[in-house]
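Structure first, commentary second.
In what follows, every chain begins at residue 1, and chains take the letters A, B, ... in the order their sequences are listed.
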2 protein chains.
Amino acid sequence: MPHRTPHPPSTEDCSIQRTLDVIGDRWTLLILRDVFRGVRRFSQIQHDLGIAKNLLTDRLGSLVEAGVVERVPYQERPVRHEYRLTEKGRALSPALLALMRWGDAWCSDDGAPTELVHDECGTRLELQPWCTSCNHAVAPTQISSRPGPGRHHPEVSADAAS
Amino acid sequence: MPHRTPHPPSTEDCSIQRTLDVIGDRWTLLILRDVFRGVRRFSQIQHDLGIAKNLLTDRLGSLVEAGVVERVPYQERPVRHEYRLTEKGRALSPALLALMRWGDAWCSDDGAPTELVHDECGTRLELQPWCTSCNHAVAPTQISSRPGPGRHHPEVSADAAS
DNA sequence: CGAGTCGGTTGCGATTCGCAACCAACCCCC
DNA sequence: GGGGGTTGGTTGCGAATCGCAACCGACTCG
């Protein structure tokens with residue numbers, strides 16, 4: 001259980017903060033990437049990532065506790081478990097894709113960035129927020145949040161970086 | 001300069017890995033969130049986040065070195081600098097939004113998840129990968145990557161978690 | 001019985017973090 | 001021209017975390 005500072009001193013806790021409290025660890029997103037890919041068993045993940053076993057135990061425990069993955073038996077005699085994504089965990093897919101896309105586009109060793117494409121039609125996917133009724137990409141400045149009951153988070157605007 | 005293990009033992013470095021090498025730190029994404037919001041000066045960020053100054057110095061240095069932000073003077077006499085997003089940094093916007101969205105939807109303290117909406121028309125934004133030619137959301141299984149020259153990354157599929 | 005696998009737990013040295021103190025450059029003000 | 005304030009750091013040090021290796025219990029197979 002990697003505890004953060006009990007109260008991040010001045011910033012009110014925003015969505016990013018809460019998200020990072022769950023997955024903002026050096027290993028956690030890599031573990032989740034493996035689980036997304038179908039690498040679900042302790043030893044598989046451990047071998048694939050090269051993570052220390054005690055850390056993997058710890059991170060998987062946190063993820064289970066957070067409800068991102070669940071520990072289900074995949075065989076009896078001997079009973080063995082695997083870790084599966086919950087609904088909450090599957091909901092991370094867009095974020096993981098966006099991070100992957102960014103790494104491809106901006107951190108590739110060879111110069112050429114790769115693209116994500118839609119298998120069926122070969123269209124390049126941008127992963128921009130896309131408005132289904134206006135049918136075009138939505139700039140970060142045109143996005144706001146609609147809180148359930150009176151809460152809002154700080155605006156994140158790329159154009160504020162002018 | 002927070003060094004990772006020199007060679008992440010068995011996993012070949014994938015896009016997620018490379019991305020996390022740049023922003024996979026407990027503080028870095030929070031720093032970037034601030035910069036996106038327009039909080040660009042050292043002392044502002046430091047105060048807003050409550051991060052230790054030596055760590056902030058270190059993280060900002062890494063981000064500058066990675067080309068995610070740049071350090072530009074915003075006044076002479078005395079010369080003072082601020083940190084601005086580069087093109088590369090602005091490209092993180094979809095990822096940041098996706099993470100924020102997830103935190104809103106799944107980690108809110110009060111029960112009701114907030115939604116992202118398009119200002120102009122009020123449409124709820126899902127941040128799913130959206131195919132502009134098919135005009136519908138693209139499931140993770142239908143996404144593949146088109147590498148520039150011979151490289152590919154592992155498929156990330158939410159449905160593999162069946 | 002002995003060896004092997006899976007999924008951990010325990011101990012310990014090395015790294016990193018968080019905090020507080022200090023500092024250099026520059027400003028303003030008297 | 002000395003005192004005080006702000007900005008953007010640097011340095012030192014104790015505490016928490018990490019990474020590695022060793023060990024372990026349950027179980028299976030030969």
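- In this structure, Ile45(B) atom CD1 and dG8(D) atom P are separated by 9 Å, rounded to whole Å.
- In this entry the distance linking CG of Asp25(A) with P of dA16(D) reads 18 Å, nearest Å.
- For Thr57(A), the listed nucleotide lying nearest its side chain is dT9(C); candidates were dG7(C), dC18(D), dT9(C).
- For dG7(C), one of the phosphate oxygens OP1 or OP2 lies less than 4.0 angstrom from a side-chain nitrogen or oxygen of Tyr74(A).
- Nucleotide dA20(C) holds its C1' atom 10 Å from the NZ atom of Lys53(B), rounded to whole Å.
- Candidate nucleotides dG9(D), dC20(D), dC6(C) were compared by shortest atom distance to the side chain of Ser43(A), and dC6(C) ranks first.
- Distances shorter than 4.0 Å separate some side-chain N or O of Tyr83(B) from OP1 or OP2 on dG9(D).
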Quiz item: Passes salt bridge (charged side-chain N to carboxylate O under 4.0 Å, His left out), Asp48(A) versus Arg41(A)? Steps please.
Solution: CA-CA 10 Å; Asp48(A) 184 56; Arg41(A) 281 150 65 167; over 6 Å; no
Quiz item: Would Ile16(B) and Leu20(B) count as a side-chain contact (heavy atoms from CB on, under 4.5 Å) if you check the C-alpha gap in whole Å, the side-chain angles of each, and the deciding distance to 0.1 Å?
Solution: CA-CA 6 Å; Ile16(B) 301 271; Leu20(B) 294 181; 3.9 Å; yes
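- When each of dG19(D), dG9(D), dT28(D) is scored by its nearest atom to the side-chain atoms of Pro78(A), the top-ranked nucleotide is dT28(D).
- If you measure from atom CG of Leu55(A) to atom C1' of dT9(C), you get 13 Å, rounded to the nearest angstrom.
- Separating the NE2 atom of His81(A) from the P atom of dG8(C) is a distance of 8 Å, rounded to the nearest angstrom.
- A close approach under 4.0 Å does occur between a side-chain nitrogen or oxygen of Trp27(A) and OP1 or OP2 of dG19(D).
- Heavy-atom distances to DNA chain D give each of Val79(A) and Gln44(B) a nearest nucleotide, and the one nearer the 5′ end belongs to Gln44(B).
- Put simply, CD on Gln46(A) is 13 Å from P on dT9(C), counting in whole angstrom units.
- Looking at the side chain of Arg71(A), the nearest of the listed nucleotides dG8(C), dC17(C), dG8(D) is dG8(C).
- Within the 3.5 Å criterion, the main-chain N or O of Glu70(B) finds no donor-acceptor partner in the side chain of Thr86(B).
- The CG atom of Leu56(B) sits 13 Å away from the P atom of dC17(C) (whole-angstrom rounding).
- In this structure, CG in Leu55(A) is found 10.0 Å from CD in Gln46(A), a value given to the nearest 0.5 Å.
- At dC18(D), one or more side-chain N or O atoms of Arg59(A) fall inside 4.0 Å of OP1 or OP2 (strictly under the cut-off).
- Rounded to an integer number of Å, the gap from Glu82(B) CD to dG8(D) P is 10 Å.
- Minimum atom distance to the side chain of Asn54(A) is reached by dT9(C), of the listed dT28(D), dT9(C), dC18(D).
- With 3.5 Å as the limit, one finds no donor-acceptor pair spanning the side chains of Tyr74(A) and Arg40(A).
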